[in-house]
Amino acid sequence: MMDVDAIRINFSGDQLLIMNFCLAFMMFSVALDIKPSDFKRVLTYPKATIVGLTSQLILLPIFTLILISIMNPHPSIALGMILVAVCPGGNISNFATHHGGGNAALSITLTSIITLCAVFVTPFSFQWWSSFIPTLEPLLSKIQVRFMDMVIIIFQLIVVPLFLGMLLHYRMPKFTMKIKKTVKNISLLIFLGFIVGSLAGNLEIIKNYLKIVLLLVFLHNTIALI
């Protein structure tokens, strides 16, 4: 078994392009059910937004550090756990919230706020929380965040599909009602296909290293959900 630091995930530029398109389509499917009034309601009751931002930006990193101190994983894995904790929630969280009957507008609001601030907040948070674990310092210099790349990704994956979905809902409500179920089903298939494809493309790596990260991933995600 090779060293953890030598692992390279099988993910080409073309696959990244396809993944981004799938995520944008999933965001579009969520947006078909979103109205401007949903965001007004979120602004009217800001407590949920504040609690959500506090939970993601402060509480999750703190509990991640506690989990790292208890489990003492490999430094690269610990660094990955912190990176996951401080990165903004993605479109899949909006999709899952929507299909779970949750407040999709609140989810999108939290995702958008944190993602828009991510170019400043994520590097700072990553450096700040990682500094509490001295063994991670040599690895930090290898991580870079490009401002314009992040802005473009935010625009492509959140702003454009959200605008198009809400615009279609507003301009053509009857047509939206007709296609909404089909679009949701396609989005669900895309979501499942994305998971299966990711697993299949890295099956050998997963088989060899699953036992190292399985418990950590389970505990980390449980803490995040709580």
Side-chain angles (χ1 to χ4, degrees), residues 4-5 7 9 11 19 22-23 26-27 30 42 47-115 117-118 121-122 124-133 135-136 139-140 143 157-158 187-188 190-203 205-226:
V4 171
D5 292 334
I7 297 174
I9 300 297
F11 214 62
M19 181 192 73
C22 293
L23 292 174
M26 291 167 64
M27 184 72 251
V30 172
V42 170
K47 182 178 178 180
T49 304
I50 294 171
V51 170
L53 293 173
T54 302
S55 298
Q56 183 164 348
L57 295 174
I58 299 176
L59 295 183
L60 180 55
I62 288 175
F63 282 105
T64 298
L65 291 181
I66 293 173
L67 180 60
I68 290 171
S69 66
I70 294 173
M71 302 298 292
N72 192 30
H74 187 282
S76 295
I77 296 175
L79 199 65
M81 291 170 65
I82 295 174
L83 186 60
V84 168
V86 302
C87 277
N91 282 6
I92 290 180
S93 68
N94 300 329
F95 179 79
T97 299
H98 179 66
H99 274 267
N103 190 335
L106 174 60
S107 178
I108 292 171
T109 298
L110 293 174
T111 298
S112 300
I113 291 173
I114 296 177
T115 303
C117 298
V121 174
T122 300
F124 172 78
S125 282
F126 185 63
Q127 293 282 343
W128 168 258
W129 296 112
S130 298
S131 67
F132 288 94
I133 305 178
T135 56
L136 302 183
L139 301 174
L140 294 177
I143 300 193
L157 299 190
I158 296 180
S187 295
L188 187 58
I190 287 174
F191 178 58
L192 295 175
F194 176 70
I195 294 175
V196 171
S198 299
L199 292 175
N202 298 279
L203 195 58
I205 293 173
I206 293 170
K207 280 178 10 185
N208 290 333
Y209 294 91
L210 185 62
K211 61 180 177 291
I212 298 177
V213 298
L214 181 61
L215 179 60
L216 284 169
V217 170
F218 174 77
L219 293 175
H220 198 207
N221 279 275
T222 300
I223 289 171
L225 288 170
I226 292 171

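Worth knowing before you read on, the calculation uses all heavy atoms, side chains too, and leaves out hydrogens, waters and symmetry mates.
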- line: One should read off an interatomic distance between M26 CE and I190 CD1, to the nearest 0.5 angstrom, of 7.5 Å
task: Name the orientation class of the two ring planes belonging to W128 and F124 (parallel below 30°, tilted from 30 to 60°, perpendicular beyond 60°).
output: parallel
query: Any donor-acceptor pair under 3.5 Å linking the side chain of Q56 with the backbone of C87?
result: yes
Approximate separation, where rounding is to 0.5 Å, of T64 OG1 and L219 CG: 11.0 Å
message: Working to the nearest 0.5 angstrom, can you tell me the gap between W129 CH2 and L83 CG?
response: 15.0 Å
task: Could you pull out the closest heavy-atom pair between H220 and M81, with the gap in Å?
output: CE1-O, 3.1 Å
- request: Search all heavy atoms of I68 against all heavy atoms of P73 and return the closest pair with its distance.
  value: O-CD, 3.5 Å
task: Any chance you could measure I62, atom CD1, to F132, atom CZ, to the nearest 0.5 Å?
output: 8.5 Å
query: Which heavy atom of A85 sits nearest a heavy atom of L60, and at what distance?
result: O-CD2, 3.8 Å
query: Between S107 and N103, is there a donor-acceptor pair closer than 3.5 Å when you use the side chain of the first and the backbone of the second?
result: no
task: Tell me, with the steps shown, if L65 and I82 meet side-chain contact (heavy atoms from CB on, under 4.5 Å).
output: CA-CA 8 Å; L65 291 181; I82 295 174; 4.0 Å; yes
statement: For L216 and L67 the tightest heavy-atom approach is O-CD2, 4.2 Å
